[in-house]
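Data block below; observations after.
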Amino acid sequence: MITGEQVIKFFEACKNGRCLNQLHSLTIKTGFKLDTFFAAKLIDLYSRFTPVETTRKLFDETPHRTVYIWNSILKCYCRDKQYKETLSLFSHLFLSEKPDLYTISIVLKACAALKALNHGKIVHGFVRKSAQINRDLFVGSALIELYSKCGEIDDALCVFEEIPEPDTVLWTTMISGYEQNGEPIQALEFFARMVIAKGVLIDSITLISVVSACAQMFDLKAGRSIHGYMTRMGFESGLSLLNALLNLYGKTGSIHAAANMFEKMPERDVISWGSMMACYAHNGCAREALDLFDEMVARGIDPNAVILISALQACEATCNLQGGKQIHKLAIKKGLDLDILISTALIDVYMNCFSPDEAIEVFDEMPERDAVCFSAILHGCVENGRAGKSIGIFREILANGFQPDAFDVVKILTACSELGVFQQTSCVHGFTIKGGLADNSFLGASLIESYAKCGSLDGAIAVFRQIIDRDVVIWSSMLAAYGFHGKGQEALQLFNQMIKHSAVRPNEVSFLSILSACSHAGLVKQGIKIFNMMVKDYGLTPNSKHYGILVDLLGRIGELEKAMGFIGQIQEPVEANIWGALLNSCRIYQNMEIGEIAAQKVFDLNPCHAGHYILLSNMYADEKRWDNAAEVRKFVREKQLKKFSGESVIEIRDEVCSFIANDRSHQDSKQILELLCILEGR
DNA sequence: AGAAGCTCAA
């Protein structure tokens, strides 16, 4: 017969899990009936050292189950993150046994992890009925955790306030609750309360949350003073705490402080490496982030999803497609490629590296999608000239019940403008009104631009008129809208209305719009007057785009030398099209001298643009310098330069057709007519 | 008899 004392000794020996099998076989061999104490001990040991299934088997074989035994199996499932199973077992337990403090704290933990607030509230109700459970600190901390994980931090505070003498863990749970719920100021205020509270010790876990709160606020000053406090109180060690500090310095852009800390750390884990990488990646040192990633892998540290995301962001920032692809492969190898955050990071990398097809492939394979990844693919498609695809994505966003934000709508309007699709623009307009986004000024400006670019000046005017509170962005976009349509006089009228009858002061963009409108409409004198107004009356500094238009305007009235003089004043690198505009004017006024200078500049800046060579060739021809003309044309032939063709778009029902407006346009029109016939026949 | 709070991305 085995004595109780022997059993206890055996359990002591089993604490490392090694003698577990012997213990179990002993129970079977000796025919020792599992009394409840013994069974409970055994299940508890099994739950620590064996897979859940094995423990479950033992549990199922145990005939008489005490609360202690139930608790062991509940803890086992909870530790294995099988929270739903934990709750389902709890409901079974409830039928036969009365849960104790320990049961309740496990169940509350499962509710918190599942964010099952209603379920948790029922358990809370049960807690309140028992005075003993209600004053238990462990249950209290589980309740606070439940409410704070479910975003109900006020309810968490209510629980906390009811506890007469909260201990360090309870205080810390509250502080971290505020921090996790994006309320770092309250977290620090709570910490201040904790510091002056009597008889409560602050430990390193408390400080982790406090430091994180400082990091969340990007408050280096507060962080430094906490660091100072830590030094005074002797909290200079602890990996997690050092990691939190590393993150603080990283978030506040103190690269040196972070790198210094990282170097001096006695030990580092994945989080240390991840924090340091994120610090580099977010502070414009993407190269260093990737170097660190390589070093980490070389040292045999296994990168997790967070690390891969940081590495992908570093690739994105440096347009490192090769690196991105390598990390993609690694993610596939680790089975992380379908993770929603990894997939989103991959989409961002591919889109930023001008590889929309790869990004779309990643997107198509995602098993589940959230609003963030939809935005990523939408923005990426628009940026990469996949306007048609982006409209499909936008429909998918709506079909999946996600609410696009103003940024998404601005992007989709860019796509509409690019395609020139009036009906789509009009639909999106309707959506902005329904979605309550009509107040957004950037969205209003996008709508104006979109309508104008889709050929509906009336639509643009209607949007403009409906906006009561017009800011400079709205005014500028309306000026630009008149400009697109060659309505120079209307643009000038609007500009006068803006500067005389509104409180809005035109900025650089407004001037660019009005100057461009003048240029398109051939209002040369007015344009030059407005340019002078911009510099003298408004004290704004023109950039190369403003100068470009001025050069064009001066060129039109033959002030070629003056125009060239202005080009000399441009501070930034001069774009090819500015010299191109001057070259064009030189042809009109037959000024070969300046024309040759402009041509040389334009060829240097953009050697592949056939149109500029043809222009020069025509100038030589005008002067009857046939040899020079032929020479230029021969050059174009030899280099196989082609003139870019203009492209037109029409919208038939919901099909978008584009055709190229060159000598083949006849064929294209025929195709469109055929398409029309098919559609009509439907 | 058995127990709690935390750090890297988004």
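The chains referred to below are lettered A, B, ... by the order of the sequence lines, with proteins before strands, and numbering in each begins at 1. Every heavy atom of this structure was used, including side-chain atoms; hydrogens, water molecules and symmetry mates were not.
In this structure, A:I43 places its CD1 atom 17 Å from P of B:dA1, rounding to the nearest Å. Nucleotide B:dA4 holds its P atom 22 Å from the CD atom of A:E165, rounded to whole Å.
Counting heavy atoms from C-beta on, the side chains of A:E383 and A:N352 never come closer than 4.5 Å. A:I342 is listed as a side-chain neighbour of A:I309, based on a closest heavy-atom distance under 4.5 Å.
Of all nucleotides listed (B:dA9, B:dG5, B:dC6), B:dC6 comes nearest to the side chain of A:Q180.
Here A:F138 counts as stacked on B:dA3: its ring centre is under 5.5 angstrom from the base ring centre and the planes meet at under 30°. By the 5.5 angstrom centroid cut-off and the 30-degree plane limit, A:Y102 is classified as not stacked against the base of B:dA3.
Checking side-chain atoms of A:D348 against main-chain N and O of A:A376 turns up no donor-acceptor pair under 3.5 Å. Listed for the A:N71 side chain is no donor-acceptor partner under 3.5 Å among the backbone atoms of A:L74.
Phosphate proximity of B:dA9 to A:K251: present, with a side-chain N or O under 4.0 Å from OP1 or OP2. Dashed line: the shortest gap from a side-chain N or O of A:S141 to OP1 or OP2 of B:dG5 is not under 4.0 Å. Dashed line: the shortest gap from a side-chain N or O of A:N247 to OP1 or OP2 of B:dC8 is under 4.0 Å.
A donor-acceptor contact under 3.5 Å is formed by the side chain of A:T172 with the base of B:dG5. Judged by distance alone with a 3.5 Å cut-off, a donor-acceptor contact links the side chain of A:D167 to the base of B:dA4.
Heavy atoms of A:T206 sit under 4.0 angstrom from at least one base atom. Using a 4.0 Å heavy-atom distance criterion, A:S240 is classed as a base contact. At a threshold of 4.0 angstrom between heavy atoms, the contacts of A:D370 with the nucleic acid are absent.
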